[in-house]
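This report refers to the structure that appears directly beneath it.
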Protein chains: 2
Amino acid sequence: MSDGMEQLNLVFAALADPTRRDLVARLACADATVGELAEPYDMSLQAVSKHLKVLEDAGLVTRGKDAQRRPVHLEAEVFDLMTKWIERYRQRAEERYQRLDAVLDELTNEQNQQRTDRKDAS
Amino acid sequence: MSDGMEQLNLVFAALADPTRRDLVARLACADATVGELAEPYDMSLQAVSKHLKVLEDAGLVTRGKDAQRRPVHLEAEVFDLMTKWIERYRQRAEERYQRLDAVLDELTNEQNQQRTDRKDAS
DNA sequence: GTCTTTGTCAACTAGTTGGTTGATAACGCG
DNA sequence: CGCGTTATCAACCAACTAGTTGACAAAGAC
């Protein structure tokens, strides 16, 4: 089991939670402290701190230090890991879908050919 | 909370499990029955059936009917939902990263300017 | 120094997840 | 019909998750 495997586990699991996806969405616009991030939610500061830890363990986020504040920053690179995984299989699945279309086209053509054959025979 | 919200929850959660990602990977190559899919894993058939149910609930997979067999088919469309979500925020985060670079460049230029000023003053 | 702000750590709880086994349903084959 | 195959359903269990509260650490402000 490769290293990127475990990270994929963490990243997908992290983004499966709507609160955490919202945190990511907000951090995409600007860095923020834990308190600022927690403010809009009906949830304790500790809960948000935990969510941020999950995002950090997944490598989606890093935390700096500014006096007693702990500014949170979104890391873009990790997204690539996911996108690569997704694209690989989406592509294959779509190719298979295209091939199915091709097979159906072929069948149609064969039927046309048979019709032509019958017409030629008549 | 929109409808796609809940589906994002399900899709990300589904792909957070390595067994389920492996199932998706194998289904990208060809459709398969539950038994065929279960064979390589050290796990009961029922467990795999449950995993497939999770993938189905997320819309990643559909199940057909062939006598007592239940062929499983990968659906490519749902991947787009994820890709769109990811790309939106990855892009913003990268833009911010670029802007940071711009700011750093600006600072460097200012320092150069100051150096130039000092040199001019000397 | 003491007080306030900002955040983490620790312990607990309710609900969910990933697995197990056993029973059951649906279908094809003698 | 009864029998084997293929898969789902149901009940159970251990481990994890997402939230809570309370205590505490670290840093600035007084």
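Below, chain A is the first sequence line, B the second, and so on; all start at residue 1. All values reported here derive from a predicted model rather than from experimental measurement.
In terms of phosphate contacts, B:T33 brings a side-chain nitrogen or oxygen within less than 4.0 Å of OP1 or OP2 of D:dA7. Taking only side-chain nitrogens and oxygens, A:S44 never comes nearer than 4.0 Å to OP1 or OP2 of D:dG19. The phosphate of D:dT8 (OP1 or OP2) has a side-chain N or O of B:S49 nearer than 4.0 angstrom. Phosphate contact (OP1/OP2 of C:dC27, side-chain N/O of B:R70, threshold under 4.0 Å): absent. Distances shown here put every side-chain N or O of B:R69 at or beyond 4.0 Å from the OP1 or OP2 atom of C:dG28.
When each of B:V34 and A:L45 is assigned the nucleotide of DNA chain D with its nearest heavy atom, B:V34 is the one assigned upstream, toward the 5' end. When the nearest nucleotides of DNA chain D are assigned to A:D42 and B:P71 by heavy-atom distance, the more 5′-ward of the two goes with B:P71.
Of the residues in residues 50-65 of chain A, those with a non-hydrogen atom less than 4.0 angstrom from any atom of DNA chain D are A:K50, A:H51.
One interatomic measurement links the two molecules: CG of B:L23 to P of C:dG19, which rounds to 10 Å at whole-angstrom precision. Residue A:D17 contributes atom CG, which lies 15 Å from atom C1' of C:dT17 at whole-angstrom precision. The distance from atom CG of B:L37 to atom P of D:dA7 is 9 Å, rounded to the nearest whole Å. Summarising the geometry, the separation between CD on B:E36 and P on D:dT5 is reported as 16 Å, rounded to the nearest angstrom. The interatomic distance linking A:Y41 (OH) with D:dT20 (P) rounds to 14 Å, in whole Å. Rounded to whole Å, atom C1' of C:dG19 lies 12 Å from atom CZ of B:R20. In this structure, the CD atom of A:Q68 is 5 Å from the C1' atom of D:dA27, given to the nearest Å. Between B:Q46 atom CD and D:dT5 atom C1' the separation is 14 Å, expressed in whole Å.
At distances below 3.5 Å, at least one donor-acceptor pair connects side-chain atoms of A:D17 with backbone N or O atoms of A:R20. Judged purely by atom type and a 3.5 angstrom limit, A:E75 has no side-chain atom pairing as donor or acceptor with the backbone of A:G59. In terms of modelled atom types and a separation under 3.5 Å, the side chain of B:E94 and the main chain of A:A76 share no donor-acceptor contact. Side-chain atoms of A:T83 come within 3.5 Å of backbone atoms of A:F79 as a donor-acceptor pair (strictly under, hydrogens ignored). Between the side chain of B:R63 and the backbone N or O of B:P71 there is no donor-acceptor pair closer than 3.5 Å.
Smallest separation of non-hydrogen atoms from B:L37 and B:R26: O-NH1, 2.9 Å.
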From CA spacing to verdict: salt bridge (charged side-chain N to carboxylate O under 4.0 Å, His left out), A:D57, A:K53: CA-CA 6 Å; A:D57 290 346; A:K53 176 134 194 5; 3.1 Å; yes
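If you check C:dG28, D:dT20, C:dG18 against the side chain of A:M43, the one that comes closest is D:dT20.
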